[in-house]
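Naming: A, B, ... by sequence-line order, numbering from 1 per chain.
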Amino acid sequence: MNGVPVVPGCVWYPGYFDLAAQQDLLAALRQILRDAPLFQPVMPRTAKPFSVKMSNAGPLGWVSDVAGYRYQPLHPATGKPWPAIPDAALDVWTTISGYPHPPEACLINWYAPGTRMGLHQDRDEQDFDAPVVSISLGETGLFRIGGTSRGGKTLSVKLASGDALVFGGEARLAFHGVDRIIPGTSGLLKDGGRINLTMRRVNRPAA
DNA sequence: TAGTAACA
DNA sequence: CAAT
């Protein structure tokens with residue numbers, strides 16, 4: 001794969017999926033979202049809503065509500081297990097994660113036009129040896145990644161539809177977020193916006 | 001601190 | 001930053 005280094009531990013794969021593959025993955029996601037509808041996460045304690053809406057696929061899903069951040073096996077509204085992670089996404093994990101066990105969680109983030117995601121760390125997992133793998137669909141997202149503490153320097157990458165990105169190793173706990181969705185950058189989603197998939201290992205593998 | 005406001 |  002033609003990976004582009006972003007910061008140590010973070011590699012960007014522009015154009016990982018061609019248009020036909022993006023459409024196929026999108027079709028699979030639409031089916032998933034019928035079974036596991038988007039929900040609106042809220043911040044712990046303050047109950048301030050995220051602008052991004054979420055769902056999940058895989059054995060575990062990430063949720064946030066007044067009680068806190070956590071992974072759980074059931075959809076918070078339907079009470080049903082999350083649907084399976086699409087094969088095309090699992091293939092990305094196998095290809096670029098360098099990790100010999102499958103992901104347990106695939107968070108589906110829906111960025112409507114104008115929404116964003118503040119800088120944060122992914123630290124709700126038991127296993128920080130596995131990287132985080134991201135897939136972008138739809139309009140370009142201005143992704144920003146920095147170091148392991150809040151004040152540091154950051155770098156921005158424009159993640160376009162079909163791009164994949166991995167961050168692990170010394171970037172596994174890097175602060176990252178999405179500053180803006182750039183309008184008019186993709187026709188994949190009829191009304192614009194962006195879908196991001198992030199796959200993670202949650203628990204340490206048994207053996 | 002996965003949120004916003006407000007300030008240069 | 002305020003509030004858990």
Side-chain angles (χ1 to χ4, degrees), chain A residues 6-7 9-10 12 29 32-33 36-77 82 85 89 93 103-128 130-159 163-168 170-182 193-203:
Chain A
V6 178
V7 295
C10 177
W12 173 34
L29 291 172
I32 287 171
L33 293 175
L38 292 166
F39 59 92
Q40 183 171 51
V42 299
M43 291 289 285
R45 299 180 183 91
T46 64
K48 287 186 174 174
F50 292 42
S51 61
V52 170
K53 291 187 172 50
M54 297 180 172
S55 187
N56 290 272
L60 292 171
W62 189 86
V63 300
S64 177
D65 59 23
V66 286
Y69 306 146
R70 65 192 175 278
Y71 284 93
Q72 61 180 47
L74 304 179
H75 189 288
W82 306 102
I85 301 174
W93 176 274
E104 294 168 291
C106 177
L107 177 60
I108 302 166
N109 283 331
W110 161 240
Y111 292 82
T115 61
R116 39 192 296 267
M117 175 81 76
L119 286 178
H120 66 278
Q121 294 173 297
D122 290 15
R123 51 181 308 167
D124 303 311
E125 302 77 26
Q126 297 298 318
D127 188 356
F128 293 143
V132 177
V133 169
S134 155
I135 299 169
S136 297
L137 292 174
E139 290 178 329
T140 296
L142 186 57
F143 176 78
R144 187 149 58 99
I145 185 166
T148 178
S149 64
R150 263 191 190 276
K153 295 174 185 171
T154 61
L155 263 174
S156 289
V157 178
K158 286 179 177 174
L159 295 180
D163 291 0
L165 182 92
V166 58
F167 54 97
E170 65 181 276
R172 176 60 180 78
L173 292 173
F175 277 87
H176 59 100
V178 173
D179 288 334
R180 148 168 129 92
I181 304 301
I182 304 174
R194 171 175 185 260
I195 295 172
N196 183 67
L197 306 181
T198 49
M199 287 177 284
R200 302 182 187 87
R201 185 77 205 182
V202 178
N203 298 298

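- For DNA chain B, the residues of residues 115-128 of chain A within the heavy-atom distance limit of 4.0 Å (strictly under) are A/Arg116, A/Met117, A/Gly118, A/Leu119, A/His120, A/Asp122, A/Asp124, sorted by number.
- Put simply, the residue from A/Asn196, A/Leu29, A/Asn56 that forms a side chain to side chain contact (heavy atoms under 4.5 Å, CB included) with A/Ile108 is A/Leu29.
- Per the geometry, CZ belonging to A/Arg45 stands 12 Å off C1' belonging to C/dA2, to the nearest Å.
- The side chain of A/Phe50 sits closest to B/dG3 out of C/dT4, B/dT1, B/dG3.
- Within the structure, salt bridge (charged side-chain N to carboxylate O under 4.0 Å, His left out) contacts touching residues 113-126 of chain A (residues at least two apart or in different chains) are A/Asp122-A/Arg200, A/Glu125-A/Arg172, A/Glu125-A/Arg200.
- Looking at residues two or more places apart in sequence or on another chain, you find no ring pair (Phe, Tyr, Trp, His ring centres under 6.0 Å) involving A/Tyr111.
- Here salt bridge (charged side-chain N to carboxylate O under 4.0 Å, His left out) pairs that include residues 56-70 of chain A, with residues two or more places apart or in two chains, are A/Asp65-A/Arg70.
- Nucleotide B/dA5 holds its C1' atom 14 Å from the CE atom of A/Met43, rounded to whole Å.
- In DNA chain B, no stem is built from 3 or more consecutive Watson-Crick or G-U wobble pairs with both distances under 3.5 Å.
- Residues meeting the ring pair (Phe, Tyr, Trp, His ring centres under 6.0 Å) test with A/Trp82, sequence neighbours left out: A/His75.
- A/His176 places no side-chain N or O within donor-acceptor distance of the main-chain N or O of A/Leu119, the cut-off being under 3.5 Å.
- The distance from the CE atom of A/Met199 to the CD1 atom of A/Ile85 is 7.0 Å, given to the nearest 0.5 Å.
- The interatomic distance linking A/Asn109 (CG) with B/dG3 (C1') rounds to 15 Å, in whole Å.
- Residue contacts for A/Arg200: at a heavy-atom cut-off of 4.0 Å it reaches a base atom on one of the strands shown.
- In this entry the distance linking CZ of A/Phe175 with C1' of B/dG3 reads 14 Å, nearest Å.
- Note that the CD1 atom of A/Ile145 and the CZ atom of A/Phe175 stand 11.5 Å from one another [nearest 0.5 Å].
- Closest approach to the A/Lys48 side chain among C/dT4, B/dG3, B/dT1 is made by B/dG3 (side chain taken as heavy atoms from C-beta onward).
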